[in-house]
Amino acid sequence: MNKHLLSIHDVSAPDIVRVLDTAESFREVGTRIIKKVPALRGRTVVNLFYENSTRTRISFELAAKRLSADVINFTTSGTSVSKGESLKDTALTLQAMGADAIVIRHSSSGSPLTLTRWVRGSVLNAGDGTHEHPTQALLDLYTMRDRLGRIEGLRVAIVGDVMHSRVARSLSFALAKMGAETTLVGPPTLIPPDATAWGVQVSHDLESVLPKLDVCYLLRVQKERQRQQYFPSVREYARLFGLTRERVTMLPESALVMHPGPMNRGVEIDSDVADLPRSVIEEQVTNGIAVRMSLLYLLLAGSAPEGGVTDA
Ligand code: CP
């Protein structure tokens with residue numbers, strides 16, 4: 001494993017299998033009465049979130065705490081960022097306090113890479129702009145393997161606002177690495193022109209794709225990242241690309257419905273469809289803790305703590 005996880009390009013297919021297998025062993029910890037192991041005792045993990053998050057931030061916090069690490073949650077409100085402190089000075093401050101790992105979410109693509117130039121610890125990308133969200137892709141692969149028994153050969157559609165989705169980029173790269181067949185589905189305005197270079201196919205007709213799938217993975221329509229009108233109306237989008245009650249019946253019986261959250265119920269997914277047994281959206285969240293435990297463990301446990309003291 002590399003020291004940092006900035007992109008799915010940082011992990012090979014055998015690395016991915018190792019992350020998923022290690023997550024499998026950590027999943028059991030979450031079922032115990034005392035959900036803790038001492039693997040990262042004495043290590044410090046900083047969650048540096050410049051953008052809103054529910055799932056990723058809480059999941060990284062729980063993962064680090066379950067490994068017995070010390071956890072610092074840093075958000076822009078209530079800190080010197082609101083007084084104008086730069087990312088560099090914030091990073092150097094965290095470095096001076098002995099952070100062994102920094103988990104960063106930022107609206108600017110490339111911020112995690114920039115951070116690696118200023119800190120000695122590991123940097124984990126928790127979502128940067130429209131670039132990547134590699135830990136989301138890894139927890140998605142874990143969920144697919146757990147439910148369907150394999151990743152290689154799975155037929156997966158990633159449906160919706162691919163253009164603005166860091167999840168779609170990371171997941172497409174990860175699925176290609178693991179030998180799955182991915183189709184990106186959406187209006188032409190929301191599929192990047194270079195998408196076929198990601199090792200995927202492209203379709204603009206959801207209903208023709210649904211009967212062939214093992215996984216239908218829906219993306220949130222990201223109004224906050226769209227700088228122009230990419231489709232006539234939300235109603236029109238839902239009519240053509242939403243997974244409705246009628247459309248979900250076109251999927252094979254064994255096919256899963258997935259979504260990274262947060263969902264726009266009634267837009268990309270009907271509310272009833274989100275609550276079907278085949279929708280594994282809550283399982284994705286639960287599995288995210290084990291996968292992030294695995295990543296923190298694999299990135300940190302083999303390295304000396306920041307400051308060099310090894311005794312507890
Ligand atoms: N899937 C995801 O990244 O969700 P959050 O924005 O809530 O972290």
Side-chain angles (χ1 to χ4, degrees), residues 5-8 19-20 23 45-66 71-77 101-112 123-144 146-147 156-175 184 215-226 243 256-265 267-269 273-275 279-296:
L5 179 66
L6 308 178
S7 154
I8 285 295
V19 170
L20 304 193
V45 175
V46 177
N47 286 325
L48 180 58
F49 277 63
Y50 282 80
E51 232 189 28
N52 294 340
S53 167
T54 300
R55 278 147 286 270
T56 313
R57 192 186 62 72
I58 293 173
S59 168
F60 262 115
E61 180 176 353
L62 272 175
K65 284 182 172 167
R66 286 184 185 176
V71 183
I72 297 165
N73 288 314
F74 183 104
T75 54
T76 50
S77 66
I102 299 181
V103 177
I104 178 170
R105 171 169 288 192
H106 203 289
S107 57
S108 293
S109 300
S111 306
V123 174
L124 291 94
N125 180 0
D128 62 330
T130 55
H131 175 227
E132 281 217 40
H133 194 347
T135 67
Q136 177 70 45
L138 292 169
L139 76 86
D140 292 334
L141 293 191
Y142 181 95
T143 305
M144 290 178 203
D146 185 52
R147 275 298 198 115
V156 180
I158 302 176
V159 183
D161 183 3
V162 177
M163 178 78 87
H164 301 94
S165 174
R166 54 198 177 202
V167 172
R169 290 170 64 84
S170 288
L171 185 56
S172 297
F173 300 151
L175 287 167
L184 304 178
V215 178
C216 182
Y217 192 104
L218 301 156
L219 298 171
R220 185 168 67 87
V221 174
Q222 305 196 39
K223 293 301 277 181
E224 77 278 13
R225 292 212 177 93
Q226 296 179 4
L243 192 63
L256 303 179
V257 174
M258 297 178 71
H259 193 302
M263 285 182 275
N264 295 308
R265 287 180 185 251
V267 181
E268 67 267 5
I269 185 167
V273 173
D275 298 328
S279 294
V280 293
I281 298 159
E282 284 175 38
E283 277 176 50
Q284 289 171 259
V285 175
T286 305
N287 294 338
I289 303 169
V291 168
R292 289 171 176 129
M293 286 173 82
S294 166
L295 288 164
L296 288 170

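Because the structure is a prediction, the values reported are computed rather than measured. Every number for a ligand or one of its atoms is a count from 1 in the order of the listing.
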Applying side-chain hydrogen bond (donor to acceptor under 3.5 Å, both in side chains) to E51 and S107, what does each step give before you reach the verdict? CA-CA 6 Å; E51 232 189 28; S107 57; 4.7 Å; no
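- Under the rule for a side chain to side chain contact (heavy atoms under 4.5 Å, CB included), the partners of M163 that lie at least two apart in sequence or sit in another chain are D161, L190, P192.
- The protein heavy atom nearest to atom 4 (O) of ligand 1 is R55 NE, 3.1 Å.
- For D275, the CG atom counts as densely surrounded, since its 6.0 Å shell holds more than 12 non-hydrogen atoms of other residues, nucleotides or ligands.
- Between the CZ atom in R57 and the CZ atom in R105 there is a gap of 10.5 Å [rounded to 0.5 Å].
- Between the side chains of E283 and N287, no donor-acceptor pair is found at a separation under 3.5 Å.
- With atom 7 (O) of ligand 1 as the reference point, the heavy atom nearest to it among T54, N52, T135 is part of T54.
- Set against the non-hydrogen atoms of Q136, the atoms of ligand 1 under 4.0 Å away are 1 (N), 2 (C).
- Of all protein heavy atoms, the one lying nearest to atom 1 (N) of ligand 1 is P260 O, 2.8 Å.
- Here's the thing with G261: one of its N/O atoms is less than 3.5 angstrom from an N/O atom of ligand 1.
- Applying side chain to side chain contact (heavy atoms under 4.5 Å, CB included) to F60 and the options T135, V71, I289 leaves one that passes, T135.
- In this structure, R105 has a heavy atom closer than 4.0 Å to ligand 1.
- Within ligand 1, the atoms closer than 4.0 Å to a non-hydrogen atom of T56 are 2 (C), 3 (O), 4 (O), 5 (P), 8 (O), numbered from 1 in the order shown.
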